[in-house]
Amino acid sequence: MTLMDEKYDPKEIESRWQKKWEEWDLFRVEDDPARPKYYLLEMFPYPSGQIHMGHVRNYTIGDVVARYKRMRGFNVLHPMGWDAFGMPAENAAIANKTHPAKWTEANIDAMRAQLKRMGFSYDWNRELATCRPDYYRWEQWLFLKMYQNGMAYRKESFVNWCQDCQTVLANEQVEAGLCWRCGQQVRQKQLWQWFFKISDFAQDLLSYCDKLPGWPEKVITMQKNWIGKSVGAQINFAVEAHDEVIPVFTTRQDTVFGATFMCLAPEHPMVTKLSKGCAREKEVLQFVERIALQDRSARTVENYEKEGVFIGAHCLNPLSGRRIPIYTANFALMEYGTGAVMAVPAHDQRDFDFARQYGLDIVVVVKPDDSDLDGATMTEAYVGEGRMINSGQFDGMGNREALEEIASYLEKNNHGKRAVSFRLRDWGISRQRYWGAPIPMIHCEDCGIVPVPEEDLPVVLPEEVEMLAGGKSPLPELDDFVNVTCPQCGRKNARRETDTMDTFVESSWYFERYCSPQCNTSMFDREAVDYWMPVDQYIGGVEHAILHLLYSRYYTRVLHDQGLVKFKEPFTNLLTQGMVCKETVMCPEHGYLLPQEVDSRKENRVCSKCGKPVTVGRVEKMSKSKKNVIDPNILIDKYGADTTRFFCLFAAPPERDLEWSEQGVEGGYRFLNRIWRLAAGLMDEIKDVQAFQGHPDSLDDTIRPLFQKIHQTIYKVTRDIENRFHFNTAISAVMELFNTISGIAMQRDNSSHLAVMHLAIESLALLLAPIAPHFAEELWAALGHKSSVLLYPWPQYREDALEKDEVLIVIQVNGKLRSRFQVATGTDEETIKEMALSDERIQKFIDGQRVKKVIALKNKLVNIVV
RNA sequence: GCCCGGGUGGCGGAAUAGGUAGACGCAAGGGACUUAAAAUCCCUCGGUCCUUAGUGGCUGUGCCGGUUCAAUUCCGGCCCCGGGCACCA
């Protein structure tokens, strides 16, 4: 092997090793039931054309774990692919007059090259792209299965419509009334749509939240909130003079005696039915129309004014017997509960506001212990606990108790039943877009909806299309695509479904597909999935805490119910990494500036275009629009992939946000250089010496501390990576080891010194192998090894080297540090107690005072209480 | 409003079965090398006080209390920052 160059040249080293890895096919993985598997997965990217620092961080973290686990002897599956359907491809295609497929494939090529430059250890043989028919045909296949058992269904409903994206959005994809992708206001539109019945699994998804100990608490909480289980009762209200019963859902059946009116969602079928012929029918219908078409966002903003219209009918409170008016109100939602609310103004703020506005009765039925309430004078609803009043036989009971008692009473007397309600709605998966997986359905005038026969799959997305300006899907206009013969009755003019699937469907099973990506007889090879799944460690951004992660959990249950997989939860452990942030810089004339557009040579930073002083804004998530982005390419050119990786790992623990610092990157680069120079300077002498393998006792006092430090470092780095992925502290441990190495007064003619030094450099190479892999390979090769460092087992620490010969004992007086001394490790408490009490520096603190108590801890401290 | 996180030097961050607060790095200051600069190497670096500059005193982990021989760590109350949910009956 060649000796090391004087100079650390990352560019040369990195491309050389990347070529070698490829030649060796080092990252290829095979199923091997004889070996323990480890499935490490990072969230696959959308092929936008460029990887950004968020990807770099995410994939660096994953790569460290993959390489580490591999050195620990696991058979590691570490795949990469492309979440390749979606709107940006269509927009780009329209803007650049290309085709989404071409644009996407070109981006994939560019990004694959970038990822390779980072030195990530992916098994590229398993690469997949969700936009290819060999992938989505299986999604269509499962769709047919889901249709068969009612898991996929079509219904007409009001849906979230984004005008800019020209498509509908699932509830999960609407954030504060805005489109999750483009930020445009979402409107309500009535459409026929395909849905997945995720609500069937609401309880199961919720229950299993507590069976995911490897997930961050935060994500679990968010999912629980999203599923939103409420326990209460359904109560039936008979309508006066009609043969109708309106059921309501409530969590506060204890307040049923206080229900003085009822509110129906505007979309509730009873609204038009009961108002028919009444004096205010016209007013009711106008109201319904106005509210139904209103933005959902407008309906959910704070302080939104409550309004409603009396629909001209009454119903009977089954418990109080009271005759109560029925309103339709804007705050009642058709999709929740039964779409009907029993309004108890005394104990619900919303109902209270409504009652005050329309002059409705407020009857107090729960009395707080320390005061009296009067419906006529109260200023806000009382939602706390108390004693039941005005509630017939339940008077005097605690309201918590009444909750149970009234529920039982309802069931016994046939007025209702205990019930639960979930906030989670079914997943609307129809998208009126071109660049997605076609939904394999056919509309026939005679037969209705007819599934595409299995043998006709895949329904290939036609590529010979003209993209339409404005983002409208060209599919409905494509006669070749749309016009089909009905597979059921043979009728000629059936029409193919032109909606495509939400891209979150593709990302709900790609991790199974990676197990056997070339499988062309089913979604995946059963044996391969049984071997690899579930994913042992999943890593990605917290922004998918609900969307992707909930959909994937659901889809896995669907696969489970189809008997396709043995497990219900796809991801055993989840790490949500923090964002990559940087300060924003703004020029008064040119707005936000890219980092390279800022001239920082002078005292005050100025705009490089106009020379005006810039304003430095707050540290925010890197984003193109704010221009506070660092281009990974520039970074790799300047410092190399290893330094880039190094900084991403060192600057912060993975779950926390990372603040970008150019100087921090420099620091990492300097550190690698320091190791390089030290190793290069020693290589001649240590190369042909065996790494020290003897007992530490045989070492002299000069070199033994280094030997111990090596093992302490192995111990610390192993623990930090294994237990909590805290690479920042693992790296500081390696830095400490380096500092020790460079501080040792080694004798170059002492063979045991050289042997320990060989061990030290070897350890640096091994410990850095997951973190700075090219650098480590180079060191490793210089030490005389012929194969990859990745094939060498992770170093083991010696227990007997962890203990130091001497430990520092701290002496406190009344808990304050007063002195310290060295003592042989393991010296018993009595001895150190005596040593502490006789310590001369301690004398002045205890002199003349009574020693009340002395606490001594072996190898730690003595605390003297006076 | 409700539910999660999180507040530690000039900065990023260490240290939790309670036991030396500030590891490691960055920045800053001083010095060495150099004709000079860069690079590199060495030293100092929470605040404060000292007629004893010390293995010195006091103080210090958002604020106020408590438990304890001992609290960044545990308990109670409050303040601030970040995130999620929010007319869900």
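Owing to the predicted nature of the structure, the values given are computational and were not obtained by experimental measurement. Naming convention: chains lettered A, B, ... in sequence-line order (proteins, then strands); numbering from 1 in each chain.
A salt bridge links A/K709 with A/E736: at least one charged nitrogen is closer than 4.0 Å to a carboxylate oxygen. A salt bridge does not link A/K833 to A/D828: none of the charged side-chain nitrogens sits closer than 4.0 Å to a carboxylate oxygen. Residues A/D9 and A/K11 are not paired through a salt bridge, judged by the lack of any N-O separation under 4.0 Å between the basic side chain and the carboxylate.
Within the 4.0 angstrom heavy-atom criterion, only backbone atoms of the sugar-phosphate kind lie near A/D657; the bases stay farther away. Residue-level contact check: A/L808 touches the bases, meaning some heavy atom is under 4.0 Å from a base atom. Here A/T729 lies in heavy-atom contact (under 4.0 Å) with sugar-phosphate atoms only. Within the 4.0 angstrom heavy-atom criterion, base atoms lie near A/F650. At the heavy-atom level, A/D348 lies nowhere under 4.0 Å from the strands shown. Among the heavy atoms of the strands, none lies under 4.0 Å from A/E666. Backbone-only engagement by A/T250 is indicated by non-hydrogen atom pairs under 4.0 Å involving sugar-phosphate atoms exclusively. Residue A/P216 is classed as having no contact, given no heavy-atom separation below 4.0 Å to the nucleic acid. Within the 4.0 angstrom heavy-atom criterion, only backbone atoms of the sugar-phosphate kind lie near A/V865; the bases stay farther away. Using a 4.0 Å heavy-atom cutoff across all strands shown, A/D351 reaches no nucleic acid atom at all. No contact: A/K224 has no heavy atom under 4.0 Å from any strand.
Figure legend. B/A71 is base-paired to no nucleotide; pairs are counted as Watson-Crick or G-U wobble with both atom distances under 3.5 Å. Base-pair partner of B/C85: B/G1 (Watson-Crick or G-U wobble, both distances under 3.5 Å). Under the Watson-Crick or G-U wobble criterion, with both distances below 3.5 Å, B/C58 is paired with B/G47. Across all strands shown, B/U34 remains unpaired; no Watson-Crick or G-U wobble contact has both distances below 3.5 Å.
In the set B/A27, B/G13, B/U55, B/G13 carries the atom at the smallest distance from any side-chain atom of A/A652.
Checked by distance alone, A/R425 brings a side-chain donor or acceptor within 3.5 Å of a matching partner on the base of B/C88. The base of B/C85 does not come close enough to the side chain of A/N225 for any donor and acceptor atom to sit less than 3.5 Å apart.
Between A/Y551 and A/W427, the ring planes are parallel. Angles under 30° get that label, and only those over 60° would be called perpendicular.
The local environment of CZ in A/R322 is crowded, with over 12 non-hydrogen atoms from other residues, nucleotides or ligands closer than 6.0 Å.
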